[in-house]
Each structure stands twice: as structure tokens, then as C-alpha cells.
Amino acid sequence: MAKLKGALKPEVKTRGRATAAVTKGKQTAAAATAKAKPAAAAGKRQRPAGFSDHNAGWLKPAKKQQQLSESDEEEDEDAMLDSDDEQQQMGSSDDDEQQMSGSVDGSDDDEDEEEEPKAAAAASKKQKQQAKGKQQQALFDSDGEEGGSDADLGIGSDDEFGSGSLGSDDEAGEGESDDEGEGDDDDSDDEGGMSDDSDEQLAIERHNKLLEKARKQQMADAAAETRAMATNIRGAGSDDDDEGMGGDYEDDETGLGAKLGAPAVGPDGAVDLDLVKRRLKQVVGVLEDFSSRRAGNRSRSDYMDQLKADLGVYYGYNGYLLGQLAALFPPGELLELCEACESPRPITLRVNSLKARRRELAAALIGRGVNLDPIGPWSKVGLVVYDSKVPIGATPEYMAGHYMLQGASSFMPVMALAPQAGETVVDVAAAPGGKTSYIAALMKNSGTIFANELNPSRLKSISANLSRLGVTNAVLCNYDGRQLPSVVGRNAVDRVLLDAPCSGTGVVSKDPSVKTSKNAADIWRCAHLQKQLLLAAIDMVNANSTSGGYIVYSTCSMLVEENENVINYVLRKRHVKVVPSGLEFGRPGLARFREFRFHPSLQHARRFYPHAHNLDGFFVCKLKKLSNATSAPGTAAAAAAAAGKKQQQAAHERGMDGSDSEDDEQQQQQQQRKQKLQQQHGADSSEEEEDEDAGASQDEPGSSSGEGEEDPEADADSDDEEDEAGSSEAAEVEEEGPPAWFKAEMERVQQEQEAAAAAAAASRKKKKQQQQEAGGGTPGGEAQQRVTPKLPPTPNSISSIKKKLKQQREQQQQQAEPQQPQERLQPVQANGAAAGKAPKTPQQQQQSTPKQQQQQQQQRQQKTPKQQQHTPQQEQQQKTPKQQQQQAAATPQQPKQPKAAATPATAPAASKAGVGNGSAKQGSRKGSRTEVKRGKKA
Ligand SMILES: C[S@@+](CC[C@H](N)C(=O)[O-])C[C@H]1O[C@@H](n2cnc3c(N)ncnc32)[C@H](O)[C@@H]1O
């Protein structure tokens with residue numbers, strides 16, 4: 001078995017510098033042996049984590065560009081996500097874990113030796129690539145648009161280099177002056193090492209395999225060294241103990257390289273990072289097989305404490321962040337994550353489909369010496385750049401706006417948002433505009449994008465990027481995102497993207513200061529702002545949008561407080577639900593974390609990790625707005641109102657049917673429990689059952705979601721979820737339509753109307769009696785009795801309320817107005833025809849009092865055939881809650897229905913117009929409209 005130090009060793013030494021005095025002794029040896037070290041044997045194992053790609057034949061790296069085939073044409077159209085890839089990616093961590101614990105057994109030695117020559121070249125390549133990490137980064141950092149100084153080096157302005165972090169927004173401007181991109185020439189010979197491999201394997205896959213192999217070898221070396229060291233210490237000659245922490249070392253912590261709790265120092269008394277690394281791996285091995293490998297009576301927390309301490313020393317994280325990450329990942333993965341965060345993610349670009357096609361752009365760039373591949377089958381517009389002979393942010397194609405330098409993870413939120421042509425979309429936190437421009441491309445430059453950014457100094461980066469990329473449908477705004485609803489409007493847009501400012505814990509590789517600079521207070525501050533921004537984002541979206549009604553929330557943080565907990569918060573505050581994002585890979589969001597219990601639908605959210613997906617740490621969650629109500633059904637106020645109303649109803653019904661008090665109590669308890677659940681809504685409920693109950697309150701019938709158009713699978717998922725969770729709340733939402741507060745207001749208005757109508761009826765009755773007493777009865781009065789429609793039993797609708805209101809007003813008018821004999825006949829005559837009733841004889845008409853005639857007119861108008869086609873419920877459903885609200889507000893002063901109703905001022909005009917010629921066309925506008933309609937019907 002090769003006993004050489006891994007290719008990553010020099011990198012390891014570099015890492016430790018910040019936090020420890022480094023023992024230098026072994027570094028040279030590590031560096032010297034690294035080139036001879038077989039970094040990897042490609043292709044014989046399961047695919048490593050990283051980009052997956054089924055487009056291997058699509059384009060070859062630079063040296064193979066002549067092999068470009070016309071069959072590639074279809075790729076852009078047909079690239080499909082392959083879930084197998086995800087399985088492989090997800091499964092890769094298991095694979096890694098096996099290697100971690102099993103690498104000491106040397107089972108892969110033969111394979112290593114066979115592939116050594118090729119792998120050595122690859123390792124050398126890898127080393128150079130790592131050394132060039134800064135060079136690569138500089139390709140992108142040279143950003144004239146964001147304050148970069150060197151125009152020669154490109155003008156890429158990329159969200160990767162824009163800061164998502166609070167308080168460090170200007171990091172985007174830190175572009176390094178870089179002409180090192182040219183230095184890539186030197187490495188071109190090495191590319192053969194990569195391209196010699198099977199054509200079936202993409203370079204990125206090979207790259208990952210090499211990485212993985214190197215890591216595995218490094219672990220094997222470390223284990224061997226550990227054994228050797230332990231052997232030396234113990235004075236025993238055997239180094240055959242492959243059991244690591246098990247076997248001989250069970251009671252001897254020297255197997256760790258350093259005892260638990262002891263500083264890992266070398267002979268010179270300085271911290272020995274090699275020793276730290278070895279202990280890290282050994283401790284991980286023990287923790288993954290704790291019962292058989294722990295030493296003596298050491299507890300798990302002893303090992304965990306050691307793990308965190310060593311991670312802190314080795315990688316430079318502070319205790320707070322390590323605690324958070326350790327709660328998120330099992331030990332082996334935590335180590336992988338820390339390791340992955342030490343190297344930059346692949347450089348990627350997004351083809352601007354407004355100006356270019358991927359295949360053509362790729363060919364052009366390859367021609368300039370850019371070594372690239374499609375990013376993966378999950379994107380039709382992404383390219384991954386391995387290296388380049390030219391500054392990738394300064395090519396003619398870049399200048400012409402054919403592409404945007406953009407981290408692969410930043411594709412995800414826009415893909416989840418899935419903006420449609422012609423929509424109105426808000427990008428709440430837009431600088432430097434990477435996602436905005438992608439949105440514009442998906443919308444084909446149609447509709448409107450409000451691209452907002454708080455930091456004025458970052459506005460120019462958006463402006464420059466959008467201009468270069470040919471985006472013409474964006475409006476730049478400079479507001480605090482929390483104010484946007486009052487600027488753009490509430491319930492006014494189709495979709496909102498909130499790519500929120502965050503702690504940046506997912507982009508440590510770009511900003512290593514995050515490792516030490518973030519504490520609990522920072523995270524809390526971020527989360528607080530994120531919640532406010534997300535509420536504002538939701539408030540802008542129109543739930544009744546025919547094509548949209550969606551909000552996507554994303555962060556480049558891995559912390560639950562900034563992600564799932566923010567979503568869970570808004571689920572309680574607004575009437576939204578989590579829907580599948582449509583992203584086919586990424587790990588599911590968390591429904592449980594530490595003391596948190598989130599809504600189960602949070603599993604629809606997606607998490608991306610550097611070590612698992614070769615992407616920045618990222619979180620994406622898609623929400624569907626269910627109604628434009630400002631309070632969600634889950635809020636305390638809404639729950640109390642709903643519960644109170646139901647209790648009232650139940651009590652009323654029991655009063656009628658005589659249910660016993662035990663039922664009452666049970667029902668009350670049920671109500672209280674439901675109310676409590678709605679208030680807690682998962683965040684602090686501890687039982688699974690409660691989560692599910694709370695879940696029901698988030699569901700809605702799929703019919704109104706409109707998801708099917710863009711995400712059929714999402715629809716199916718939603719339906720499943722609704723079925724599972726039960727739909728009692730959903731039915732309530734669907735049936736009742738308007739929110740609770742609105743209905744309560746309607747009921748109040750209705751009660752007032754009914755009271756007024758009853759008073760008016762009593763008054764009428766009294767008057768009638770008086771008339772009868774005075775004149776011996778009036779046929780007109782009888783007629784009125786006959787034609788007055790009996791109002792339907794108070795449906796909870798605006799139209800019925802309006803009818804009642806109108807009726808009441810008419811009653812009042814009748815009582816207040818002086819009678820005008822000249823005009824009294826005309827409305828009745830006309831109305832009689834319009835309503836399809838047998839016209840009364842002149843005699844009958846004369847017998848009706850003006851009030852009665854007016855009443856008859858109004859009643860007939862209220863029951864025009866058109867109106868009769870619509871039930872009050874239908875009318876209600878046809879209006880948005882906002883319209884209903886406006887209508888309700890306007891109803892008492894300005895009843896709009898029926899349209900034909902003549903006001904007291906216009907009625908005489910209409911009457912006059914009808915006199916003599918039977919035509920209403922010469923009447924006033926209102927009157928004539930009414931009369932024309934009548935005329936036609938007649
Ligand atoms: C993650 S970055 C956005 C990256 C951008 N979406 C892209 O893809 O190019 C977050 C941005 O939010 C901005 N920001 C911070 N607080 C804000 C607030 N209250 N309102 C709006 N934007 C804010 C920051 O200046 C930063 O530019």
C-alpha cells in the first residue's frame with residue numbers, strides 16, 4: 001500500500017495557519033511525494049458527488065472540439081433530469097463514509113497501483129488546479145462593473161462574488177487584478193491527463209473521482225501514520241493493525257494520534273496539523289461505529305467535543321458555527337463539508353438565452369481556449385469551466401452579453417420561481433443581477449421585473465449586467481425590501497423572488513471570514529430581517545394571479561434558523577403553503593431540527609451542499625399564496641375568530657337538538673386543541689400528530705393552485721399531501737372563499753340590513769293598515785304583495801347584502817319623498833315589460849301608489865334574467881377578495897347592482913323619455929341605458 005502523503009497535504013497546511021502554529025517538518029515531504037502519489041483511479045467506483053451529466057457527447061473539452069457533432073442540437077431541447085444522478089449524488093456520501101472507515105484496510109491497493117501512472121499525472125494536474133484556485137477565482141473577480149479596476153480582465157458581475165451576507169455587501173467589489181488567466185497556458189499539456197479517460201466520463205466527473213481518490217489515499221496514509229506513530233510510542237514493532245481505533249487501541253487513546261482532550265502538538269510543542277487531521281479522521285471513525293470502536297468508557301460527547309475542537313483548530317471555524325453544523329450533519333459528513341468548503345466550487349456560467357444558444361457559445365469559447373462542459377442535465381443554459389486560456393470575464397462573447405458568470409447554485413431559485421412570459425415579477429434583493437437576468441431570459445424579456453436592491457452602490461452592478469445582457473423588461477428600484485408592498489402594491493404581482501441577505505454560511509469557500517465572524521446574534525439578526533422581507537414578498541403577490549401566485553425564498557446559508565425556521569414562521573403569518581420546487585435534486589428541507597418541529601411540507605424545500613452536490617451551500621423554498629388575506633388561518637386571531645364562530649354555531653345547533661353537555665365539552669376541547677395547534681403551527685409542537693393537524697390547515701384543494709401548468713409533478717405531490725393531511729381546513733378555505741374577517745364584516749352588515757328591512761316592513765305593514773282603514777284597501781297594495789320577491793335565506797354574499805341594502809334605501813326613500821303623480825306610471829309600465837310580467841292595465845297602474853310602483857320597479861330590476869342566472873355564491877366567487885372588500889366598503893354609499901336602477905334624479909328623466917313615444921332613447925344616459933335594455937327584452 002502506498003504510504004505517501006496525499007495530494008491535498010499542502011492545502012491542509014495552509015488551512016491551519018490562521019489558528020495554529022504549524023509544525024513545518026512534514027510539509028516538504030508531503031509536497032515532494034504528492035506528485036508521485038496516485039491521486040485517483042478513475043471510474044471504477046460509484047460516481048462521486050458533484051455535477052452529473054448525461055451530455056457527455058455533447059461537447060468535448062477544448063482539445064476535442066473538432067469532434068463536435070450535429071447530433072448535439074437536440075440536447076438543448078431535450079436535456080432531462082435524471083433522478084439516478086441524484087441518487088448517486090446523494091448516495092455518494094455513504095460511499096465516502098465507507099472509505100473513511102474502511103480505507104485503512106487497503107482493499108483498493110491493487111487498483112491504485114494499476115492506475116498509478118495515469119493517476120499520478122492527474123494528481124499533478126489536480127495540484128496545479130488547486131494552486132490555481134485563486135487564478136480561477138480571479139477570472140471572475142476582475143469585475144469592472146462592480147468596481148473592478150482592470151478592464152482587460154473582464155467585467156463579470158456575478159452573484160457568487162456579490163455578497164449575500166449581511167454587512168458585507170461590498171465584497172463583490174474585491175475583484176483581484178488578474179492576468180493570471182493567461183498563465184493557464186502552462187497547464188494545457190496536463191489536460192491530456194483528464195481527457196485520456198473514457199469519453200463517457202465528463203471531465204468534471206473525472207475531476208471529482210480524482211479528488212475522491214486523493215482524499216481516500218490521504219486517509220489511508222493518515223491511518224498508516226497513526227499506526228506507525230502509535231507503534232513508536234508503544235515501542236511495539238507491529239504496524240499491521242488496520243483496525244484503527246478498534247482492536248489494540250481500544251483502551252489506548254494514542255490511536256487517535258493524540259489523546260482525547262489533549263492538544264495535538266508535535267515534538268517542538270507546536271500544534272501539529274497532521275496530528276489534528278489524523279485524530280479528526282479517527283474520531284469520525286469511532287463515532288460512526290461507536291459501540292465497537294470507542295475506547296474504554298469514553299462517551300459519545302467526549303468524541304464529539306474532540307471532533308469539534310479539532311475541526312476548529314484545523315479548519316478555523318468558531319465554536320458557534322461548528323455547533324450548528326455538527327447538529328446538521330453526522331460526523332463523517334461534517335468533516336467532508338469542512339473539507340469541501342476549503343476549495344472553490346467549479347466556475348460556471350449561464351448562457352443568456354436572450355442573445356445566444358449554448359452550443360454556439362460553447363463552441364466559440366472552446367475556440368478561444370476555454371475548457372468547458374455542460375453543467376449537467378438539469379440545466380439547458382449552464383456551462384462549467386475547468387480552465388481557460390483567456391479571462392473568462394472579458395471575452396468578446398461576455399462583453400456582448402452572451403453569458404453571465406453565475407454560480408450553479410444560483411440557477412436554482414430562478415428555476416424554482418419558473419417565471420412566465422408576460423408576468424409581473426419582483427426580485428426583492430437583486431444585486432448584482434444574476435438571478436434577475438435569468439428571470440428576464442425565462443420571461444423572454446416580456447412582462448415586467450421590478451429589480452430591487454437596498455444598497456445604492458450595488459445598483460450599478462445590476463444596471464450594467466442587465467444592460468450588457470440585453471434585458472429590457474426590468475425596472476430598477478432602490479428600496480428596503482420591507483417597504484416594497486407599499487411601492488409595488490399589495491396583491492399586485494405574479495411572482496416574487498427573495499434571494500435574501502444572509503449569513504453566507506454556504507459560501508465559506510468564497511468568504512472564509514464567515515468561519516469566524518458569525519455568531520448567534522448575527523444569525524438572529526439575519527433571520528429577523530429575512531422574516532420581515534419574506535412577509536413583504538408574500539404581501540406583494542396576488543394569490544389570484546391566473547399564471548402565478550408564487551414566492552421563492554432562497555439563501556446561501558445552511559443554517560436552519562435562516563431557512564426552515566423562516567418559512568415556518570411565514571406559514572403561521574400568511575396564507576401560503578410550501579409547494580415542490582420542481583428542482584429534481586438537492587436534499588429535502590428539514591421538518592425537524594434540534595428543538596424545532598416544522599411543518600412537514602418543508603420537505604419540499606431543497607438544500608444544497610458543497611460536499612454532496614459540489615454547489616455552494618444553498619436553500620430554496622417555493623411558496624404558493626393561497627389567499628390575499630393578511631392573516632393566515634393559522635394565526636391566533638383568525639383561529640380564535642373561527643373557533644368562536646364555530647362554537648357559537650355548535651351551541652346554537654345543540655340548543656336546537658338537545659345534545660348533551662359531554663359532547664359540548666369534547667367539542668370545546670377539540671376546538672381549543674385545534675386553536676392551540678393553529679397558533680403553534682408546528683414550530684413548538686412536539687407531537688407528530690400535531691404537526692399533521694397543523695399541516696391540514698395549510699392545505700388547499702389543488703384545483704385553485706394553478707400549479708399544473710408549470711409543475712405537473714408538483715400538482716400530484718400537492719394532491720397527495722392534501723389527501724394525507726386531511727382536508728377539513730382546506731374545504732373551509734375553499735367553500736368560504738373570503739377570509740374570516742371579511743365574512744365577519746359581511747355578517748355584521750347583513751344583520752344591520754336585516755334589522756333595517758324588518759323595521760321598514762313593519763312600517764309598511766302599518767301604513768298599509770292605515771290605508772286600508774282609510775280607503776278600504778288598494779289593489780296596488782295587493783300587487784305589491786304579489787310581486788315583492790321573498791328574499792332568499794341570507795346567504796353570506798355581497799349581492800344579497802346589497803339587495804337588502806338597496807331595498808332598505810328604497811323603503812326609506814319612499815317614506816321620505818313627496819309623491820309625484822305625473823311620473824308615477826312610467827317606471828311601472830317599463831318595468832312590467834322588462835321583468836316579463838304581464839303589464840298591468842293603466843287602471844291597475846293608476847291604482848298603485850308611487851311608492852309601490854317604485855318598489856315594484858326596484859324589485860323587478862333586482863331580478864333581471866341576467867341576475868337570475870347567477871347565484872350569490874357564484875357572484876361571490878367571481879370576485880377577488882380584494883374586489884369583494886372594495887365592494888363591501890362601497891356598498892352602503894354606492895350600490896352598483898342592479899345596473900339599471902335609476903337614481904331618484906334620473907328616474908324622472910327616464911319616465912319623461914318614455915312618455916308619449918314608448919321609447920327611452922332620448923332619455924338621460926342612465927335612464928336610456930335602462931330603457932334600451934328593457935326595450936329589447938320587450
Ligand atoms: C444574496 S444577495 C442577492 C443576490 C442576487 N439575488 C443575485 O442573484 O444576483 C442579497 C442582496 O440583498 C441586499 N439587501 C440587504 N438588505 C436588503 C433589504 N432590506 N432590502 C433589499 N435588499 C437588501 C444586499 O445588498 C445584497 O445585494
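Every number for a ligand or one of its atoms is a count from 1 in the order of the listing.
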Quiz item: At a 4.0 Å cut-off, with the gap strictly under it, does some heavy atom of G433 reach an atom of ligand 1?
Solution: yes
Quiz item: On the ring face of F618, is R606 found with NZ or CZ under 6.0 Å from the centre and within 45° of the axis?
Solution: no
Quiz item: Does the N or O separation between A500 and ligand 1 drop below 3.5 Å for any pair?
Solution: no
Quiz item: Do N318 and T516 have side-chain N/O donor and acceptor atoms under 3.5 Å apart?
Solution: no
Practice problem: Please work out which of L454, N478, T436, D427 has its closest non-hydrogen atom nearest to atom 18 (C) of ligand 1. | Solution: L454
Quiz item: Would one find an N or O of N452, backbone or side chain, under 3.5 Å from an N or O of ligand 1?
Solution: no
Exercise. Report the part of A430 in contact with ligand 1, treating N, CA, C, O as backbone and CB onward as side chain, heavy atoms under 4.0 Å; options are side chain, backbone, both, neither.
Key: backbone
Self-check item: Short N or O distance, L533 and ligand 1, threshold 3.5 Å exclusive
Solution: no
Quiz item: Which residue pairs pass the ring pair (Phe, Tyr, Trp, His ring centres under 6.0 Å) test when at least one of the two sits in residues 434-493, sequence neighbours left out?
Solution: F411-Y438
Quiz item: Salt-bridged, E333 to R587, with N to O below 4.0 Å?
Solution: yes
Quiz item: Is any side-chain heavy atom of L626 closer than 4.5 Å to a side-chain heavy atom of K624?
Solution: yes
Quiz item: Do any nitrogen or oxygen atoms of L529 come within less than 3.5 Å of a nitrogen or oxygen of ligand 1?
Solution: no
Quiz item: Relative to atom 8 (O) of ligand 1, which among K435, Q483, E453 owns the nearest non-hydrogen atom?
Solution: K435
Quiz prompt | Per-atom contacts of ligand 1 with D480, taking only distances under 4.0 Å to non-hydrogen atoms | solution = 18 (C), 19 (N), 20 (N)
Practice problem: Assess the side chains of Q420 and S547: does a donor N or O sit below 3.5 Å from an acceptor N or O? | Solution: no
Quiz item: Looking at Y315, does the NZ or CZ of K515 lie under 6.0 angstrom from its six-membered ring centre and within 45 degrees of the ring axis?
Solution: no
Quiz item: At under 4.0 Å between heavy atoms, which part of T555 makes contact with ligand 1: side chain, backbone, both or neither?
Solution: neither
Quiz item: Applying a 4.0 Å heavy-atom criterion (strictly less than), which segment of R458 is in contact with ligand 1: side chain, backbone, both, or neither?
Solution: side chain
Quiz item: With a cut-off of 4.0 Å, which atoms of ligand 1 are near a heavy atom of N455?
Solution: 25 (O)
